[in-house]
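This structure is a prediction, so every number in the text was calculated from the model and none was measured. A, B, ... follow the sequence lines: proteins, then strands. Residue 1 opens every chain.
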Amino acid sequence: MTALERLEVAAVTLQRGARALLGGLSFDAVAGEAVAITGANGAGKTSLLRAIAGFTRPVSGQIRFLGADGELDADATRREECHLVGHADGLAVGRTVREELVFAVRWTGGDATAAIDGARRLGLERLLDLPVRHLSAGQRRRVVLVRLIAAPRRLWLLDEPLTPLDADSRAHFGEIMSAHLAGGGVIVAAVHDPLPISARTVAISG
Amino acid sequence: MIATLANPLKFMAFSRWAAPALGVVAAILIGWGLALGLAAPPDYQQGETVRIMFVHVPAAWVSMLAYACLGAASFVSLVFRHALADAAARAVAPLGAMFTAMALITGSLWGRPMWGAWWVWGDARLVSVLVLFLLFVGYIALRASIEDEVKAARAAEILALIGLINLPVIKFSVNWWNTLHQGESIMRAGGSTLAPVYLLPLLLVGAGYSAAFGALWLARTRGEVWRRRGASLTLQAALS
Amino acid sequence: MTGAALDMGRYAASVWPAYAASAAGFAWMIIDTLVRARRARRAVETLESDRRARDPKT
Amino acid sequence: MTPHSTLFRRELSLAWARGGGPLLTVGFFASVCLMVPLSIGAAPGRLSAVAGGITWVGLALASLLSLDRLFERDFESGALDLVNLGPLPLETICAVKCAAQWLASCAPLALAAPVAAIGLGAKVETAGLIALTAAIGGVAFAFVGGAGAALALVSRRGGVLIALIVLPLLTPPVIFGGAAIANFAAGLPWTTGLILLTAYALAAVALTPFAMAGACRNALS
């Protein structure tokens, strides 16, 4: 699988119910670059990330993934190269952090040891055997972020990733993001407050 | 996709005259068929109640036709994402449910004098029409319970296709089930053993019912197109 | 000939109700369809005339 | 550890919810079967004639019971998004979920069914066939029920809506299974019913995942 070099969003318009969103938005994101999507609530930031992840089909325009030698298959790229971190954390409250974390990491290409190491790096090792329901929102978000570092995938789609995190977790996550970019990764994040790393801003109107 | 309904000029122009025309044809056919049917002599075995067949069999036949149309419209809408097909699918469901209800009521009224029971489990066709009625109710309930029109359409289309694939299996299983319990009930006269004097009226009324279904479906789809046009206009007015 | 046909005898109890039920079914379908169509059409006409009033150029 | 088994294990542990799962469905099934003699009287002749049928009705209802958790839980929590960005296509994911649903609730029911049927007066020698038909019928209930659960996902109404959509579609397996048991008890040829039941269950396994995937994509968009 040739690696993902460039994400191309070309004149994309989405539809939610009867409303058209993004009005033909175009932007690129190349390896090693972060793009911050800003805009009012309901402007379509989340819908854009879900469209890139392949969940919603644009009414018009195209979303393309390009490798070193031309266009890659969108479905395969999404299945192997794409992380989506949404508002919902995707964790089953009934199971323990360890079980959910190992499942999520193994499912997205990492392995159990990488999951546990990642948890240790983000200071979660004490919580591993707690059921997820006992975790705070910030701790749950850190569990999700472990998936990003434990299962290496080039494209990170982050929907307001910093909101539930406290100050030093934000700084720590900033370092993780810059390491990802340095390694040739791509980040597209929908944000309200600016990211702790340098990023090109793309504003979308309602 | 739903809101920006490709303006089906062709359909609206065609249905503007086709719906009333079909309606008139239906009235003539049904009237003529019933007149012949009522004038026919009573059946030696069933007496006068055989005349209920003229309103029962066509209703059962059209309810099957209606579900086939629902399945076809859903398939076109699902595969070709054609908004008009979805309007047609949404429009046909209540008609199908009503025709099945008419078939059930007339069917049990027909069985009443013969079997002395208000519901004849021995009649395989009646039982499959009952299942068909539940399929229509399920479709309407699913569609009614989802707010977002686009998602409601997609979910309802998938259900209609599952139902369409299941329909022949259901009919087969009910008929097979009926042969199992054959010992307990004799097969009622109808279908092949029909006296010729009843066949012509039955065919006329059947054709009339189908034409009426066509007219109602076209008219109801027009109503659906107007409703969606109105919905998108109100939305645009609110948003602009 | 037709006089005899209308004298249903003791079976009348189920033949006419069946016809009545069918007629009622048709009546509901026709009325509901026409009312719905007319109401929707009138709504569109008023909305379009409002829009024309708001910005005559479109 | 193929992705299939990773997902299957997770689905199973969620469905069994720390061992509570099968108790819940089997308990419900037992109470449905209990209602019948209490309501229609316990005259031996009357009950044993319908014992097989009641067991089947109880099976259908009990297997519908835990269906609305099949997709709803993952959809609400966002796990459906995660699962969709993994190595398996959505069709396979839905099939694995229904297989876990079968093992978690339909298989225990298949073991409980003969006990309930005999309790209701069915002949003891029908126990084997009742368990077999219940197991095969359970496959149909799990997969067609799964399709209903996926379709009702968008409507947030689950439960009753799923039952309303799914039960008419389950007429064939109920007929085939019930007939196989009744014929076997009466000494008549029963294999046709079993063969038709198996055919329906296999068709359900082959076809419903596509409908489920379509319904999930519809909900996710």
Next item on the list: State, yes or no, whether a side-chain contact exists between B:Trp110 and B:Val57 at a heavy-atom distance under 4.5 Å.
Entry: yes
Margin query: Assess the residue pair B:Arg222 and B:Arg227 against the criterion (side-chain contact (heavy atoms from CB on, under 4.5 Å)); give the C-alpha distance rounded to whole Å, side-chain angles, the decisive distance to 0.1 Å, and a yes or no.
Written below: CA-CA 9 Å; B:Arg222 287 172 64 83; B:Arg227 186 188 68 78; over 6 Å; no
Checklist line | Heavy-atom neighbours of D:Phe28 CZ exceed 12 at 6.0 Å | finding: yes
Check: Should B:Phe99 and B:Met64 count as side-chain neighbours, where that means a heavy-atom distance under 4.5 Å?
Finding: no
Scan chain B against chain D and return every donor-acceptor pair whose distance is under 3.5 Å.
unit_1, atom_1, unit_2, atom_2, d
B:Lys151, O, D:Asn218, ND2, 3.0
B:Lys151, NZ, D:Ala219, O, 3.4
B:Lys151, NZ, D:Ser221, O, 2.7
B:Asn166, OD1, D:Tyr200, OH, 3.1

Check: Going by heavy atoms in the side chains, are D:Phe141 and D:Leu59 under 4.5 Å from each other?
Finding: yes
Checklist line | Stepwise side-chain contact (heavy atoms from CB on, under 4.5 Å) test for D:Leu194 and D:Phe176 | finding: CA-CA 7 Å; D:Leu194 189 61; D:Phe176 298 142; over 6 Å; no
Notebook entry, point to check: Given that the side chain runs from C-beta out, which part of D:Ala182 has a heavy atom under 4.5 Å from chain B: side chain, backbone, both or neither?
Noted result: neither
Margin query: Heavy-atom cut-off 4.5 Å, strictly under: side chain, backbone, both or neither for D:Leu161 against chain B?
Written below: side chain
Check: What option among B:Val169, B:Leu78, B:Leu130, B:Leu142 has the most heavy-atom pairs under 4.5 Å with chain D?
Finding: B:Leu142
Checklist line | Residues of residues 131-138 of chain B within contact distance of chain D, non-hydrogen under 4.5 Å | finding: B:Val131, B:Leu134, B:Leu135, B:Val137, B:Gly138
Next item on the list: Inspect the surroundings of CZ in D:Phe8 and state if more than 12 heavy atoms from other residues, nucleotides or ligands are less than 6.0 Å away.
Entry: yes
Next item on the list: Measure across D:Gly41 and D:Leu47 and return the closest heavy-atom pair with its distance rounded to 0.1 Å.
Entry: O-CG, 3.9 Å
Checklist line | Salt bridge B:Glu224-B:Arg228, side-chain N to carboxylate O under 4.0 Å | finding: yes
Margin query: Can you confirm whether D:Pro172 sits close enough to D:Leu196 that some side-chain heavy atom of one is under 4.5 Å from a side-chain heavy atom of the other?
Written below: no
Margin query: Distance check, rounded to the nearest 0.5 Å: B:Ile140 atom CD1 versus B:Leu159 atom CG?
Written below: 11.0 Å
